[in-house]
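The block underneath contains the structure these notes are about, expressed in structure tokens.
Below, read A as the first sequence line, B as the second, and so on, with proteins coming before strands; counting in each chain starts at 1.
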There are 2 protein chains.
Amino acid sequence: MRPEDLPEIRHLSLFRDMSQVNFNALMDSSYAQIFPPSLDLIRQGDLADFLHIVLDGSVELYASWGERECTMAVVEPVSTFILAACIRDAPYLMSARTLERTRIILVPSSDLRAMFRRDTEFAVAVINELAACYRSVVRSAKALKLRNSRERVAAYLLRQSLLAGGVLSYRLPVEKRLLASYLGMTPENLSRTLRALEAEGVKIDGARVIITDRDRLSDLARPDLLIDGPDLDALGAGASLPHARRGA
Amino acid sequence: MRPEDLPEIRHLSLFRDMSQVNFNALMDSSYAQIFPPSLDLIRQGDLADFLHIVLDGSVELYASWGERECTMAVVEPVSTFILAACIRDAPYLMSARTLERTRIILVPSSDLRAMFRRDTEFAVAVINELAACYRSVVRSAKALKLRNSRERVAAYLLRQSLLAGGVLSYRLPVEKRLLASYLGMTPENLSRTLRALEAEGVKIDGARVIITDRDRLSDLARPDLLIDGPDLDALGAGASLPHARRGA
DNA sequence: CCGAAAACTTGACACAGATCAAAGCAGGCT
DNA sequence: AGCCTGCTTTGATCTGTGTCAAGTTTTCGG
């Protein structure tokens, strides 16, 4: 692990409040590793040996059942994933693969479990993180059950615009194929839906999104605080995709 | 609150390991209340003032968006609900209504938040509870995205049979209307699907389910440990419905 | 025990979304 | 640069699921 990584990790809400000694102890038993793109890091069903912290690159969390699979989230630096499985000492419910060349810190889950018994501040941080993750998945389950795919796409486009700072133009931060899977639809259907939305206040050109009539799009998406955030919740790794960036 | 309630609450994994003094303190600031059937206990969006513990009766957790609504879970005695919102001191993401006459203990969420800073065993219990809830919602999100409605129904029927102890005949523990909503489909569609499944190894007679060919049904449902459990996870209030009972 | 209200079922139909197939297009690699 | 793989789009078609409407059954309160 590089020394310059430590401050970044320390800055995560999960590790921010614990004592320096305990933080050091945790980091001492951890190690960094670099993975090439499209590499499977975790297979669902395996036992959760390590908490993962993404430092560079990005990681897709996905679930599979038989032949089918679907994207559950994408994790970007700097954040952690599969905390819950580590804590329960249980099999992972999701698989993980790198989307690009990715550097990851691995924290042994046994150390983790020992640590929150010793460090109250850490325990409180874990509690907050888990509660946030939980709420984040609940939000996406609500979206899935309450909205149809057109509404989900519209809400997604609108939300990205807000996350990028209210801009009217931005680039999709993930491939459409992946976005489709995340939104619970086929790539073909997403493609058509994006096309159809051009009559509803948004122009799509490749990965570029241009919102031409925010109110109109908003009428369709009917964004909802309790589904779309603004989530102080899902800032950690819950069940969301990367944010669009201002000016990108 | 009745004195005889305390042991039952104390027995919950959430409260089992904390010190007696702290448990008493928490209970002292709590109070019981009895609600009639079909009463709205919680409206999504309200601030989370109390952790709820169901002692008698049952409670439906549901989400709404505009006119639409859907069932997220049903909570039965003795267990807690909306822990995550209490911890985050955030608005509820779900609404709650009683399904029958229901007795509930209300624990002020401020006391709760103070308590896990003071009592490490309680903090650990909260961590475990939240991790379990999280995993439970992930499971149901996976089911929703990976299976079609017929597969979800088949898996549900099979799972209930196992939860009731592997029986081949049991009664549905909830109304079909509610089950449909939980499974993300319309009542009409559920009705037709149940009918169609009669060619696949189950017989449905009103609320009675008779599994006539477990293997055949299993082939269709393809039950999966990482979706359907057996979840040591969702024994608490995650995102599940009541279990069928042996002999019912 | 009866009547009203609610839950459930069934049928006809419409539409959203999946699938299959094939044609562009773009990005990465040698 | 140029090829090749994999993403994306488009079209045609089909299936699953929702909707509307009417009927039946069950439940529950008086």
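Distance A:R68 CZ to C:dA18 C1': 11 Å, rounded to the nearest Å.
Counting only distance, with no hydrogens or angles, the side chain of B:S218 and the backbone of B:R216 share no donor-acceptor pair below 3.5 Å. Of the possible polar contacts, one joining the A:Q160 side chain to the A:A244 backbone as a donor-acceptor pair under 3.5 Å is found. Of the possible polar contacts, none joining the A:T71 side chain to the A:S181 backbone as a donor-acceptor pair under 3.5 Å is found. Side-chain N or O atoms of B:T98 include one that pairs as donor or acceptor with a backbone N or O of B:S38 at under 3.5 Å. Distance alone, capped at 3.5 Å, is enough to place a donor-acceptor pair between the B:T212 side chain and the B:G201 backbone.
Applying the 6.0 Å contact sphere to CZ of B:R150 captures no more than 12 heavy atoms from other residues, nucleotides or ligands. For A:R101, the CZ atom sits in a loose shell: 12 or fewer heavy atoms of surrounding residues, nucleotides or ligands are nearer than 6.0 Å.
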Expected rows: protein N/O vs nucleotides 5-10 of chain C N/O, under 3.5 Å:
residue: C:dA7; atom: OP1; partner: B:R177; partner atom: NE; Å: 3.4
residue: C:dA7; atom: OP1; partner: B:R177; partner atom: NH2; Å: 3.1
residue: C:dC8; atom: OP1; partner: B:K176; partner atom: N; Å: 2.9
residue: C:dC8; atom: OP2; partner: B:R177; partner atom: N; Å: 2.8
residue: C:dT9; atom: OP1; partner: B:K176; partner atom: NZ; Å: 2.8
residue: C:dT9; atom: OP2; partner: B:S191; partner atom: OG; Å: 3.1
residue: C:dT9; atom: O5'; partner: B:S191; partner atom: OG; Å: 3.3
residue: C:dT10; atom: OP1; partner: B:R195; partner atom: NH1; Å: 3.1

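Between A:T186 and the phosphate of C:dG17, there is no side-chain N or O to OP1/OP2 separation shorter than 4.0 Å.
For B:R97 and B:Y62, the positive end sits near the middle of the six-membered ring, less than 6.0 Å away and at most 45° from its axis.
The two residues B:R68 and A:N148 have their closest heavy-atom pair at NH1-N, 4.0 Å. When all heavy atoms of B:G66 and A:R222 are compared, the closest pair comes out as CA-NH1, 3.9 Å.
For DNA chain D, the outermost nucleotides in 5' to 3' order that have an atom under 4.0 Å from a heavy atom of chain A are D:dC7 to D:dA12.
Contacts of B:D56 classified as salt bridge (Lys or Arg N to Asp or Glu O under 4.0 Å), with partners at least two apart in sequence or in another chain: B:R103.
Listed by first then second residue, pairs satisfying salt bridge (Lys or Arg N to Asp or Glu O under 4.0 Å) with a partner in residues 72-84 of chain B read B:E76-B:R245, not counting sequence neighbours.
Rotation axes derived from the C1' atoms of the five outermost pairs at either end of the helix from C:dC1-D:dG30 to C:dA23-D:dT8 lie 50° apart, to the nearest 10°.
Between A:F81 and A:H52, the ring planes lie tilted relative to each other; the angle falls in the 30° to 60° range.
Contacts between residues 146-157 of chain B and DNA chain C, defined by a heavy-atom separation under 4.0 Å, are absent.
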